[in-house]
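What follows is a short report on a single structure.
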Amino acid sequence: MKIAIVCYPTFGGSGVVATELGIALAERGHEVHFITYKQPVRLDLISHNIHYHEVTVPDYPLFHYQPYELALSSKLVDMVKLYKIDLLHVHYAIPHAYAGYMAKQMLAEEGIYIPMVTTLHGTDITLVGSHPFYKPAVTFSINESDAVTSVSASLKEDTLRLFNITKEIDVVPNFIDVAKHAHTYTDCQRDLMAEKHERIITHISNLRPVKRVTDVIEIFDRIQKEIPSKLIIVGEGPEKELGEALCIKKGIQHKVMFLGNSSEIDKILCFSDLFLLPSEKESFGLAALEAMASGVPVISSNTGGLAEVNVDGVSGFLSDVGDVDTMAKQALHILRDDAVLLKFKQQAKEASKKFDTENIIPLYEEVYEKATKKVL
Ligand code: GMT
């Protein structure tokens, strides 16, 4: 099949999922066309089945806001015609489903009928999409999609609760190539980050308020009082300064490293003993799944889709949002004893296998078939 994938190309779960999906589909023989404003961050391998088409919005003094949807829908029309694309798969409803719908309509005028699959990722529904400024357009473009998928059952429930949806929503969970996450390193170089006797605790996110970075630091503070440890925080975002200030206030700044965005997540997870994700909201928690696939147990909140990923008492533990005391106790339970830590590491890796690429990509292919039948 010739598939056009529209996504946000920057750091962030939805872009990562869309990129990895495109790569996996290309490996299965599909021709994949990424259509977005910048080459996706994880797309460093352009194979003969993968194409990238950049959307540019020309600057014009009259534009107070750049009309990206307009440029995207025009680019979609051009690329569908040029490459005879069979299906549009848009990730993140805003504004991609809306631009996709416009492209579909323009193509229909020329007798070209193309199905559109929309994948909902979380903040497009729970944070931004349900805002009254966007809600009618988001509802409309979801209902006008030929197939809709959500990355967890919890996100499906949220979507049905927040919007008036008339379309069936298929749950297709996020996925990971478990084999790629099997470390081949003989030495993770953990001595670069910590002393031999110290545990390494990691948090990776876009450091937005929803990630509760200060909870990460509160949990770590309680851990480091009991056992020697270091905290690595990966990512850039608006809560970084607040996090740094809290570390200084607590006098633990020498034990906490803020690494910024990194393209070496696998190396960081290789030497991590525990992953913290105490988010306020999380439709899935791809970062938790990446940690688990690398054999890193997860202490997380029980919000949204996290309970569908992190298995309580097996791959880590789940607690109520904001309950940093319980999270710290659970972390200490895992970290105190070498044998317990090893058991949780193995269990985390095992639990991630349910979401292996091999199990999930065929579900997307089924959705594509279903959507194609609808427009034929
Ligand atoms: O977590 C974020 O703020 C980024 C956001 C995104 O759109 O990239 O992540 C959402 O999509 C990811 C991929 O499907 C999910 O793993 C995240 O849980 C989800 N984030 C939220 O729901 C807050």
Side-chain angles (χ1 to χ4, degrees), residues 5-22 24 36-38 40-43 89-97 117-131 134 138 148-159 161-162 169-177 203-213 215-216 233-240 261 265 275-293 298 300-310 318 321 352 354-355 357 360-361 363-364 367:
I5 292 185
V6 180
C7 63
Y8 282 109
T10 48
F11 288 91
S14 66
V16 170
V17 169
T19 309
E20 297 291 345
L21 172 64
T36 178
Y37 59 85
K38 201 168 139 203
V41 276
R42 292 208 185 171
L43 193 70
H89 187 173
V90 303
H91 289 260
Y92 210 86
I94 308 168
H96 299 149
V117 176
T118 298
T119 290
L120 310 172
H121 278 276
T123 44
D124 48 350
I125 294 300
T126 54
L127 278 183
V128 200
S130 52
H131 192 285
Y134 298 116
V138 173
V148 182
T149 73
S150 74
V151 298
S152 64
S154 153
L155 181 60
K156 177 177 174 173
E157 276 167 34
D158 284 341
T159 310
R161 181 172 43 82
L162 294 167
I169 300 178
D170 291 308
V171 176
V172 180
N174 287 335
F175 56 89
I176 195 139
D177 189 335
H203 169 77
I204 304 174
S205 80
N206 52 24
L207 309 188
R208 291 191 192 282
V210 82
K211 303 295 174 182
R212 297 182 72 100
V213 179
D215 280 9
V216 170
I233 296 187
V234 182
E236 288 292 346
E239 298 287 281
K240 188 176 171 182
N261 285 331
I265 298 297
F275 190 81
L276 302 180
L277 196 62
S279 309
E280 182 90 40
K281 277 194 170 70
E282 204 69 70
S283 69
F284 184 88
L286 186 65
L289 178 60
E290 289 191 330
M292 286 160 57
V298 175
S300 73
S301 62
N302 53 15
T303 188
L306 273 172
E308 294 168 52
V309 182
N310 186 16
L318 297 148
V321 174
S352 74
K354 178 179 165 195
F355 301 98
T357 310
I360 309 298
I361 305 302
L363 303 181
Y364 273 120
V367 171

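Order of appearance sets the numbers: ligands from 1, and atoms from 1 within every ligand. Nothing here was measured: the structure is a model prediction, and the numbers come from that model.
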>> Please identify which of these residues, D158, T126, T123, meets the side-chain contact (heavy atoms from CB on, under 4.5 Å) condition with K281.
In response: T126
>> Tell me which one of V321, L276, L277 satisfies side-chain contact (heavy atoms from CB on, under 4.5 Å) with R212.
In response: V321
> Nearest heavy atom to atom 15 (C) of ligand 1: which of G305, G13, S283 does it belong to?
Replying inline: S283
Atom indices of ligand 1 within 4.0 angstrom of [X] heavy atoms, with elements:
X	value
V151	14 (O)
N174	13 (C), 14 (O), 16 (O)
K211	1 (O), 2 (C), 3 (O)
G122	22 (O)
Y92	7 (O)
G285	15 (C), 16 (O), 17 (C), 18 (O)
L286	16 (O)

> Salt bridge between E157 and R161, side-chain N to carboxylate O under 4.0 Å?
Replying inline: no
> Quick one: do the S283 and S152 side chains pair a donor with an acceptor below 3.5 Å?
Replying inline: no
> For the atom pair OG (S279) and CG (N302), what is the distance rounded to the nearest 0.5 Å?
Replying inline: 11.0 Å
> Side chain or backbone of E282 under 4.0 Å from ligand 1, or both, or neither, by non-hydrogen atoms?
Replying inline: both
> Taking non-hydrogen atoms only, is Y8 closer than 4.0 angstrom to ligand 1 via side chain, backbone, both or neither?
Replying inline: neither
>> Taking a cutoff of less than 4.0 Å between a non-hydrogen atom of the residue and any ligand atom, is R208 in contact with ligand 1?
In response: no
> For N206, is the nearest heavy atom under 4.0 Å from an atom of ligand 1?
Replying inline: yes
Backbone or side chain, does any N or O of [X] fall under 3.5 Å from an N or O of ligand 1?
X	value
V17	no
T126	no
V210	no

> Taking all atoms of both residues into account, what is the closest heavy-atom pair of L306 and G285, and its distance?
Replying inline: CD2-CA, 4.1 Å
>> So if I apply the side chain to side chain donor-acceptor pair (under 3.5 Å) rule between T149 and each of D170, T118, T119, which one comes out positive?
In response: T119
> Should the heavy atoms of other residues, nucleotides or ligands under 6.0 Å from OH of Y37 be counted, would the total exceed 12?
Replying inline: yes
>> Quick check: Y8 with H96 (ring centres under 6.0 Å apart)?
In response: yes
> Is a donor on one side and an acceptor on the other found under 3.5 Å between the side chain of E308 and the backbone of A153?
Replying inline: yes
